[in-house]
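In what follows, a single structure is set out as structure tokens and then discussed.
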Amino acid sequence: MNLKQIHYFIVVCEQRSFSRAVDVLDVAQPSISRQVQLLEAELQQHLLRRTGRGVEPTEAGLRFLNHAKALHALAVHAKQDLLDFRSTVQGRVKLGLPPRIARRLTPHIVKQFRLLFPNSSITIAERLSTEMREWLIKDRVDLALLYEPPPSVLMTCETIYREELVLAYTRDCRPAPPAQVKVAELARYPLVLPSAPNTIRALVDSTCRDLNVELNVVAEVDVVHSIVETTAQGNVFTIIPRSAIKDSLGHEELSYSRIVEPVIRNNLTLALPLNGGNQRLATATADIIRGLDFARYMQ
């Protein structure tokens, strides 16, 4: 059952004729008949009976007509409410994104924002999660996407996307690691990792500490691009989100192994301050983010 079927059924009942319904709906009669037939098949009831002058609802049809009118009215009200919401939400919103996420999501967010709120504007600010969290609390951004933010009574957080971390290395690495590497086996690989308080480093350190695994960190580099380029030169390994490999120069030279037992996943969260400035526009922007296909955009 869908709104088109319901609408067609209501018009046919009101016009008492399929042919007159054609004039109202501007749709070919076979299409109208087909939608009503599908509705009857789903409800397992004859809703209309033919008469010498056209059609009229059966007893079941009359009962369903009451429901159909209520559903149609609710759908019309919902559409109008969203149109009114779109026209009244105005102002400027500032969204904070980690740089790697910003490169992937900004075009899609801006496109949807301009479509829904043509009278408003959006600013995208790029910072690392640790700095962006402070901006959010200090009301310098209206909402943000953050990796593994420490909890705060001044903001709300919800998980938006989780991505596996992988062990990355040059394609020329010999012997190459197996397709899957256990966390307990990570100690055997010389690693280049970001320094604390980087969120990936904190996540990896926490997982390894729980399993009493002491990593062999031979260098600390805080920029993902530099980590990937360093790893591509050979002799070292790194642990990064899988999508980060494709974001950097030299990614063609890299391969990776899944990390298992346990799988390590980062946690991208949508954060909003409890007492922000333009809460209505920030909430609307948050809905745009929730509707994004992260699995597609983060490949």
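It should be emphasised that the depicted structure is a prediction, and the values quoted were computed from it without experimental measurement.
- Closest approach of Met132 to Gly96, counting heavy atoms only: SD-CA, 3.5 Å.
- Contact record, Arg114 with Ser120: NH1-O, 3.0 Å, taken as the closest heavy-atom pair.
- Between Val141 and Ala125, the shortest heavy-atom distance links the atoms CG1-CB, 4.4 Å.
- Taking a cutoff of 4.0 Å between a charged side-chain nitrogen and a carboxylate oxygen, Arg290 and Glu158 qualify as a salt bridge.
- Side chain of Arg174 to main chain of Arg171: a donor-acceptor pair is present (N/O by atom type, distance under 3.5 Å, no hydrogens or angles).
- Arg201 has a carboxylate O that lies under 4.0 Å from a charged side-chain N of Asp205, or vice versa, which qualifies the two as a salt bridge.
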Under the side-chain contact (heavy atoms from CB on, under 4.5 Å) rule, what do Val22 and Asp26 come out as? Steps first, then yes or no, please. CA-CA 5 Å; Val22 168; Asp26 195 24; over 6 Å; no
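- Taking OG1 from Thr285 and CD1 from Ile109, the interatomic distance works out to 9.0 Å, rounded to the nearest 0.5 Å.
- Shortest non-hydrogen contact noted between Pro273 and Leu136 is CD-CD1, 3.5 Å.
- Two residues are said to be in side-chain contact when any heavy atoms from C-beta on lie closer than 4.5 Å; Ser31 and Arg34 fail this criterion.
- Side-chain contact between Cys13 and Leu48 is present, with at least one heavy-atom pair separated by less than 4.5 Å.
- Atom-to-atom distance recorded for Asp222:CG and Ile227:CD1 is 7.5 Å, nearest 0.5 angstrom.
- Note that the CZ atom of Arg63 and the CD atom of Gln45 stand 9.5 Å from one another [nearest 0.5 Å].
- A salt bridge is absent between Arg103 and Glu126; no separation between the charged side-chain nitrogens and carboxylate oxygens falls under 4.0 Å.
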Could you please spell out the steps behind the side-chain contact (heavy atoms from CB on, under 4.5 Å) verdict for Phe294 and Leu105? CA-CA 9 Å; Phe294 279 81; Leu105 298 187; 3.4 Å; yes
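- Between Thr123 and Arg92 there is a side-chain heavy-atom pair separated by less than 4.5 Å.
- Not a single donor-acceptor pair under 3.5 Å links the side chain of Thr170 to the backbone N or O of Cys173.
- Contact of the Val236 side chain with the Tyr189 side chain is not registered, since no non-hydrogen atoms from C-beta on lie closer than 4.5 Å.
- Put simply, CG on Leu38 and CG on Asn2 are 8.5 Å apart, with the number rounded to the nearest 0.5 Å.
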Do Ile239 and Val166 pass the side-chain contact (heavy atoms from CB on, under 4.5 Å) test, and can you show the C-alpha distance, the side-chain angles, and the key distance before you say yes or no? CA-CA 5 Å; Ile239 299 173; Val166 298; over 6 Å; no
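- In this structure, Val221 is not a member of the same hydrophobic cluster as Val217, with clusters built from ILVMFWY side-chain heavy atoms closer than 4.5 Å.
- Looking only at side-chain heavy atoms (C-beta outward), Leu62 and Thr58 stay at 4.5 Å or farther from each other.
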Indicate every side-chain donor-acceptor pair of residues 257-270 with a distance under 3.5 Å to a residue at least two apart or in another chain.
from	atom 1	to	atom 2	distance (Å)
Ser257	OG	Tyr169	OH	2.8
Ser257	OG	Pro178	O	2.6
Arg258	NE	Glu164	OE1	3.0
Arg258	NH2	Glu164	OE1	3.3
Arg258	NH2	Glu164	OE2	3.0
Asn266	OD1	Glu163	N	3.0
Asn267	OD1	Thr159	OG1	2.9
Thr269	OG1	Leu146	O	3.1

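- Residue pairs meeting the side chain to side chain donor-acceptor pair (under 3.5 Å) criterion with at least one partner in residues 233-242, sequence neighbours excluded, are absent.
- Summarising the geometry, atom CG belonging to Leu191 is positioned 7.0 Å from atom CG belonging to Leu167; distances are rounded to the nearest 0.5 Å.
- Other residues, nucleotides and ligands contribute more than 12 heavy atoms inside 6.0 Å of the CD atom of Glu131.
- Within 6.0 Å of the CZ atom in Phe18, the count of heavy atoms belonging to other residues, nucleotides or ligands exceeds 12.
- With a 4.5 Å cut-off on side-chain heavy atoms, Val183 and Asp210 do not count as touching.
- Separation of atoms CD (Gln29) and CG (Asp23) is listed at 10.0 Å; rounding is to 0.5 Å.
- A donor-acceptor contact shorter than 3.5 Å is absent between the side chain of Arg16 and the backbone of Gly54.
- Looking at every heavy atom in both residues, Pro241 comes nearest to Leu165 through N-CD2, 3.6 Å.
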Please determine whether side-chain contact (heavy atoms from CB on, under 4.5 Å) holds for the pair Ile32 and Val11, giving the CA-CA distance in whole Å, both sets of side-chain angles, and the decisive distance to 0.1 Å. CA-CA 10 Å; Ile32 300 174; Val11 172; over 6 Å; no
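- Annotation for Ile6 and His72: closest pair CG2-CB, 4.4 Å, computed over non-hydrogen atoms.
- Inspection of the Tyr147 and Arg100 side chains reveals an N or O donor paired with an N or O acceptor under 3.5 Å.
- Inter-residue side-chain proximity for Cys157 and Pro151 is flagged as unmet; no heavy-atom pair is nearer than 4.5 Å.
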I'd like to know whether Glu56 forms a salt bridge (charged side-chain N to carboxylate O under 4.0 Å, His left out) with Arg50, so could you lay out the CA-CA distance, the side-chain angles of the two residues, the decisive distance to 0.1 Å, and finally the verdict. CA-CA 7 Å; Glu56 62 181 21; Arg50 296 192 178 275; over 6 Å; no
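- Counting only heavy atoms from C-beta outward, the side chains of Leu193 and Leu215 approach each other to under 4.5 Å.
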